[in-house]
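Each chain gets a letter, A, B and so on, in the order the sequences are listed, and its residues count up from 1.
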Amino acid sequence: MNFFSVIRWLAWKDLISEMRSRETISSMFFFALIVILIFSFSFSMDQQTAKTLMPGIMWVAFVFTGIIGLGKSFLAELQNDCLENLQMNPIPRGAIYLGKLVSNFLFMLIVELILFPLFVIFFNLDVFDKLPLFVLILIAGTLGVSAVGTLFSAMTVQIRAREVMLPILLLPLIVPVMIGAVEATGSVLSGESVTFYRHWIELLVVFDIIFTIVSFWVFEFILDH
Amino acid sequence: MSALRGIQLNKSYRHYQVLKEVSFDVAPGECYALFGPNGAGKTTLLKILATLQTPSSGRFEVMGLDGIRDRNQVRGILLMIAHGSYLYGELDAVENLRFALGLRGLSPADREIKIALDRVGIGAFADFKIRYFSEGMKKRLSIAKAMLIRPKVLLMDEPYSSLDERGMKIMNQFIRESTQQGAAVLMTSHNRAQSAEVAVKAGVLHQGVLHEIDVKELVAAHELF
């Protein structure tokens, strides 16, 4: 069985299902929208304060929105015992993980790309000349959250308190992603030179690589036990 | 050589022993019908053979391969039709078939899929989402999937449940064709009359112990357990 073909089939299935139901993306979007509105109306701030607060607010919104999507990721596999079917199929477990990671990453990124302009409007920020850097940080941060989140989503899907357990397990582990993403975003907003915050982006990339590889290897144990 | 062989299989959940020294043998081209009251351990036995659970002790072989040690190869040989339909609600019938077959590295032509759907009597619903299907229609789609996969070993958990009379005839026709082509079938059932039409071996699982019985006794016997 072609390893990449399994990844493609799983991601295709998740994307088609989501395009038709819009269940995950719409709940993620509306949750994040409410967070933006609450924060923008709670604080009256000038542009300088906004530049200081916005990175933290934005990544908190993105991570909590991501948790909503990640929580639903393997839940869909429980309907009609589809998870059991995946376990019985002669396919590499790592490919199942990567297929799910691709769809989770895309769901999160799509919502973030829709929300990012709203952040810019509500917080009155000037970011258009720095967009490529923002997108790079967004991709690196989102990959980190979805790499760990996909693993924990599979781990918690069969337990009763999964809605509580997923954030409890996930949030402490993604602290480095949060710190790196918030610091890098803040530096870009302040107009600092790349050399001053390059190490934060490197932290994100290293985290992504390590946790994707570790999750890939651990996933077989998680799925079969 | 046996297609499917259980050797002194035991399964315990804490202090409750579900299976006690269960041994059986199904040759290629044979259909074995397994009966027993609710909670007798029939589904547990099928889940062990499908590599979803491991026995507490004992072993089993599928086409000469060790079911525990060589489970990745075993998964490529067998297919299970279970209570859960293993279908995704947002995908239509054809997409579900393509996904299930794609995971096994198969890519049947549109014509083959159409023939399979027509044979199980749901050709007119090929582009209907599965969430609109009745349980009987889902079971028929599972038969179509098995027709296209053509496994060497077929495990079926109560194959006649949810099916109407026409559906049961289709199921038995499929089992006959599969065994004629050399496949081994192990099914659990509560429908003695239908099972007797296709089974050449039968057993009753009662309080974890398997008693083999003559197939001729299936319909004639007043009570099996």
Please check: side-chain N/O of A/Asn80 versus main-chain N/O of B/Leu87, any donor-acceptor pairing under 3.5 Å? yes
Does a side chain donor of either B/Tyr88 or A/Glu77 reach within less than 3.5 Å of an acceptor in the other side chain? yes
Heaviest contributor of heavy-atom pairs below 4.5 Å to chain B, chosen from A/Glu84, A/Glu18, A/Met19, A/Gln87, is A/Glu84
Counting heavy atoms not belonging to B/Glu177, are there more than 12 under 6.0 Å from its CD? yes
A/Ile16 side chain near B/Phe99 side chain, heavy-atom distance below 4.5 Å: no
Would the number of heavy atoms belonging to other residues, nucleotides or ligands and lying under 6.0 Å from CZ of B/Phe125 be above 12? no
Contact part of A/Leu83 toward chain B, heavy-atom cut-off under 4.5 Å: side chain, backbone, both or neither? neither
Measure the CD-CD1 distance between A/Gln79 and B/Ile130 for me, rounded to the nearest 0.5 Å. 12.5 Å
Which portion of B/Glu95 sits near chain A, non-hydrogen atoms under 4.5 angstrom: both
Show the nearest heavy-atom pair for residues A/Ser5 and B/Gly102, with the distance to one decimal. OG-O, 4.2 Å
Might you confirm whether atom CZ of A/Phe128 has over 12 heavy atoms from other residues, nucleotides or ligands at distances under 6.0 Å? no
Determine the minimum heavy-atom distance between B/Asn72 and A/Pro90, stating which atoms define it. O-CB, 4.0 Å
Just so I understand: if I count every heavy-atom pair under 4.5 Å between each of B/Arg71, B/Gln53, B/Gln73 and chain A, which residue has the most? B/Arg71
Which bit of B/Leu91 is near chain A, if near means a heavy-atom gap under 4.5 Å: side chain, backbone, both or neither? both
Is a salt bridge present between A/Lys13 and B/Glu90, judged by a nitrogen-to-oxygen distance below 4.0 Å? no
Just do the side-chain contact (heavy atoms from CB on, under 4.5 Å) check on A/Leu86 and B/Leu103 with the steps written out, would you? CA-CA 9 Å; A/Leu86 286 181; B/Leu103 288 184; 3.8 Å; yes
Give a yes or no on whether A/Arg22 atom CZ has more than 12 heavy-atom contacts from other residues, nucleotides or ligands under 6.0 Å away. no
For atom NZ of A/Lys72, is the number of surrounding heavy atoms from other residues, nucleotides or ligands below 6.0 Å larger than 12? yes
Other residues, nucleotides and ligands only: do more than 12 of their heavy atoms fall within 6.0 Å of CZ on A/Phe116? yes
Can you tell which of B/Arg75, B/His83, B/Arg98 has the highest number of heavy-atom pairs within less than 4.5 Å of chain A? B/Arg75
Donor-acceptor pair, distance only, cut-off 3.5 Å: does the side chain of A/Arg20 make one with the backbone of B/Lys129? no
